[in-house]
Amino acid sequence: FKRESIYQPFQQIMSFIREPPFALPLDGRAVRGLSGKEVDVLLRCYDIPMPPDTFVFEKKIVYLVFLGCTMEFIHAVLD
């Protein structure tokens with residue numbers, strides 16, 4: 001799906017393994033603001049394996065790709 005803005009809400013994928021202990025990020029701006037620990041928890045909730053030495057921005061890329069975001073959108077979120 002194509003996103004025009006980082007403020008455009010995500011369509012959430014609700015089939016997570018366990019519910020995260022915080023509100024899911026609703027748009028690109030919220031993903032940009034996630035801490036490393038929050039990204040780790042989010043990836044574990046969806047059972048997405050990541051090596052422990054992966055950088056936070058790489059984990060955010062994996063999460064955004066999982067949601068189906070385009071590379072242009074991912075760039076807008078992480079830049």
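Just so you know, these numbers come straight off a predicted model, no measurement behind them.
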About how many Å separate CG of L64 and CZ of F73, when rounded to the nearest 0.5 Å? 6.5 Å
Rounded to the nearest 0.5 Å, what separation is found between the OH atom of Y46 and the CG atom of L24? 5.0 Å
Hey, could you give me the CD1/NZ distance between I48 and K59, rounded to the nearest 0.5 Å? 12.0 Å
side-chain contact (heavy atoms from CB on, under 4.5 Å), that's the test. Do R44 and D40 meet it? Break it down for me. CA-CA 6 Å; R44 278 196 304 273; D40 287 339; 3.7 Å; yes
Is any side-chain heavy atom of V65 closer than 4.5 Å to one of C69? no
Can you find a heavy atom in the side chain of L42 that is under 4.5 Å from one in the side chain of E38? no
Is a side-chain N or O of R32 found less than 3.5 angstrom from the main chain of A76, in a donor-acceptor match? yes
Enter the distance from H75:NE2 to I61:CD1 here, rounded to the nearest 0.5 Å. 8.0 Å
Restricting to non-hydrogen atoms, name the atom on L34 and the atom on P25 that form the minimum distance, rounded to 0.1 Å. CD1-CG, 4.1 Å
For L78 against F57, the heavy-atom pair lying closest together: CD1-O, 3.8 Å
